[in-house]
Amino acid sequence: MYTQIDNFSMAYSDQGKGLPIVLIHGYPLNRRIFDSQLEDLSQHARVITPDLRGHGQSQAMAGPYSMDLLAQDMAALLESLHIHEPVILGGLSMGGYIAFAFYRLFPEKVRGLILTATRATADSPAAREARQQAAENAQKEGVASIVEAMLPKLLAPQTLAQRLDLVETVQAIMLSTSLEGVLGDLAAMSARPDSTPTLATIRVPTLIVHGAQDSLIPVADAQAMQQAVPNARLEVIQEAGHLPTLEKPAVYNQAVLQFLKQFSA
Ligand code: MLT
């Protein structure tokens, strides 16, 4: 499905009924990383998975992007779907950075948070330099150069060795990201603020999920978030890397369903 957001066409999936759950993908990905969640969790709730601007089937919009802009796109999507009740907001990696921005901008629109494979801290100077380099490479050699460099870091060693179908799926998902999307994300991630001060202000139930073998964002970052968010629950998924929604969908979905129980009363 498509909706007109601001000045661009946004693609999204919307499946199931009841409690709305919005799942925001990471970089340089799209909503297909949540295909299993859309299928399974929609038996219990209303699952909405947008493609961010510049990603998947959404329009390739040139930057500048910021986490606040991408969070405002999410609010505009809710508006266009006439969802006025607070939602469960989930974000994977960069999607988590957007979820923090959304929570700062619209705390009244959030009923619960699911923070997957993400971190609260901002980029270090070295990480900013690496983003700059990645942007230069993408401009010179195209999105494929980014995909080649990132693919081995996104998945656990077991997934890379044994799940060639999944490796190809992730590769195809990344290759479908527009150059505008890649450059917009890199600049937005590089400039994002430190969300650590936000953690202690979170007043909604929060589930943190992390792959034990995430080599992009170490599990220690998830543990630090759990310490700082009041009453947060942490689920570490074994034999999963940076994309537990795809690598271990049954375990991931079970953790989310368990978390959702508290909202059914
Ligand atoms: C992501 O998966 O969204 C990105 O790798 C996060 C990042 O680069 O900080």
Side-chain angles (χ1 to χ4, degrees), residues 22-34 37 49-56 58 63 65-67 69-71 73-74 89-102 114-138 143 145-156 159-160 166-167 169-178 181-196 208-211 213-222 224-225 237 240-247 252:
V22 179
L23 299 176
I24 313 173
H25 65 76
Y27 158 88
L29 302 162
N30 64 48
R31 72 192 200 273
R32 288 180 57 201
I33 65 163
F34 296 123
Q37 288 66 46
T49 57
D51 278 342
L52 296 170
R53 54 172 74 207
H55 298 71
S58 287
Y65 296 3
S66 67
M67 293 307 151
L69 176 74
L70 300 174
D73 287 347
M74 297 301 104
L89 186 65
L92 186 144
S93 200
M94 184 183 76
Y97 311 157
I98 299 168
F100 287 130
F102 189 96
I114 304 173
L115 303 170
T116 303
T118 194
R119 55 157 66 104
T121 48
D123 274 4
S124 63
R128 288 201 179 107
E129 231 163 85
R131 304 257 193 230
Q132 180 62 33
Q133 191 57 56
E136 281 166 27
N137 291 348
V143 171
S145 67
I146 299 283
V147 174
E148 206 181 315
M150 269 194 87
L151 190 58
K153 299 183 196 154
L154 283 176
L155 300 164
T159 315
L160 283 167
L166 194 49
V167 176
T169 299
V170 174
Q171 188 175 32
I173 288 174
M174 289 199 286
L175 283 171
S176 76
T177 307
S178 66
V182 165
L183 298 176
D185 291 353
L186 285 168
M189 288 193 289
S190 178
R192 78 185 189 279
D194 182 8
S195 290
T196 307
I208 299 166
V209 191
H210 216 89
Q213 285 159 301
D214 191 329
S215 60
L216 272 181
I217 300 183
V219 77
D221 286 80
M225 287 197 297
I237 302 187
H242 192 58
L243 299 178
T245 56
L246 283 171
E247 296 179 84
Y252 184 89

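For ligands, and for the atoms within them, numbers begin at 1 and follow the listed sequence.
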Please determine whether any non-hydrogen atom of M150 lies less than 4.0 Å from an atom of ligand 1. yes
What residue among E247, Q213, H242 forms side-chain hydrogen bond (donor to acceptor under 3.5 Å, both in side chains) with T159? E247
Using modelled atom types and a 3.5 Å cut-off, is there a donor and acceptor pairing between side-chain atoms of H210 and backbone atoms of D221? no
Tell me if the CD atom of E136 is crowded by more than 12 foreign heavy atoms within 6.0 Å. yes
Please identify which atoms of ligand 1 are closer than 4.0 Å to at least one heavy atom of Y97. 6 (C), 7 (C), 9 (O)
For G26, the atoms of ligand 1 under 4.0 Å from one of its heavy atoms are 3 (O)
Short side-chain to backbone donor-acceptor contact, R119 and M225, under 3.5 Å: no
Selected option - heavy-atom contact closest to atom 2 (O) of ligand 1, from M189, H242, M94: H242
If the condition is ring pair (Phe, Tyr, Trp, His ring centres under 6.0 Å), which residues does F100 pass it with, not counting sequence neighbours? none
One residue to check: R131. Relative to ligand 1, which of side chain, backbone, both or neither has a non-hydrogen atom less than 4.0 Å away? side chain
Numbered atoms and elements of ligand 1 in range of L216, under 4.0 angstrom, heavy atoms: 5 (O)
Quick test: of every protein heavy atom, which one is nearest to atom 4 (C) of ligand 1, and how far off is it to 0.1 Å? S93 OG, 3.3 Å
Please classify the D123 to ligand 1 contact at 4.0 Å (heavy-atom distances, strictly less than): side chain, backbone, both or neither. neither
As a test of understanding, state which of M74, R31, H25, H55 forms a side chain to side chain contact (heavy atoms under 4.5 Å, CB included) with P50. M74
